[in-house]
Amino acid sequence: LPRHNLRLARDMVREVVEAHFPAGSAECKRLFPLGVAYHEPGFFAGNLEMWRVLRSAAYAARGAKRGEHGFWQSALWEGMSLAG
């Protein structure tokens, strides 16, 4: 999506999300941890949130053992290791 269309796309996405997941509904609370389906942090808050999620994913990957989570049997691993 070209950058000059991001504001238009944001408004369209927000409209669809509000139609399908009204804030405070039971479905919204069940699916989204913040209780709000559309979450739009600022630049610095968004970067901080991204780094925190990446760090937690890296810690989870560090603790995984071979054979867990099915990664070692996936097509992605076979492509990366040039197997098959």
Side-chain angles (χ1 to χ4, degrees):
L1 182 66
R3 279 188 289 176
H4 66 276
N5 291 332
L6 287 176
R7 285 192 176 90
L8 178 64
R10 175 186 61 188
D11 295 338
M12 293 168 63
V13 168
R14 188 181 303 153
E15 186 177 308
V16 169
V17 167
E18 287 174 0
H20 291 281
F21 302 104
S25 68
E27 189 71 6
C28 186
K29 288 179 183 175
R30 184 179 71 82
L31 291 174
F32 306 103
L34 297 175
V36 179
Y38 189 82
H39 173 64
E40 186 178 10
F43 178 76
F44 292 108
N47 278 303
L48 184 62
E49 186 176 316
M50 176 198 60
W51 284 112
R52 285 181 177 156
V53 170
L54 286 174
R55 182 180 61 185
S56 68
Y59 285 147
R62 181 189 294 176
K65 306 228 182 320
R66 188 177 178 111
E68 289 181 346
H69 313 295
F71 174 73
W72 305 105
Q73 293 80 26
S74 69
L76 179 63
W77 173 252
E78 289 180 7
M80 288 172 46
S81 62
L82 301 175

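Heads up: numbering here begins at 1 and tracks the sequence.
The two residues Cys28 and Pro22 have their closest heavy-atom pair at CB-O, 3.6 Å.
Heavy-atom contacts from other residues, nucleotides or ligands closer than 6.0 Å to CE of Met12 number 12 or fewer.
Salt bridge Arg52/Glu49: absent, no basic N to carboxylate O contact under 4.0 Å.
Atoms OH and CD, on Tyr38 and Glu15 in that order, are 12.0 Å from each other to the nearest 0.5 Å.
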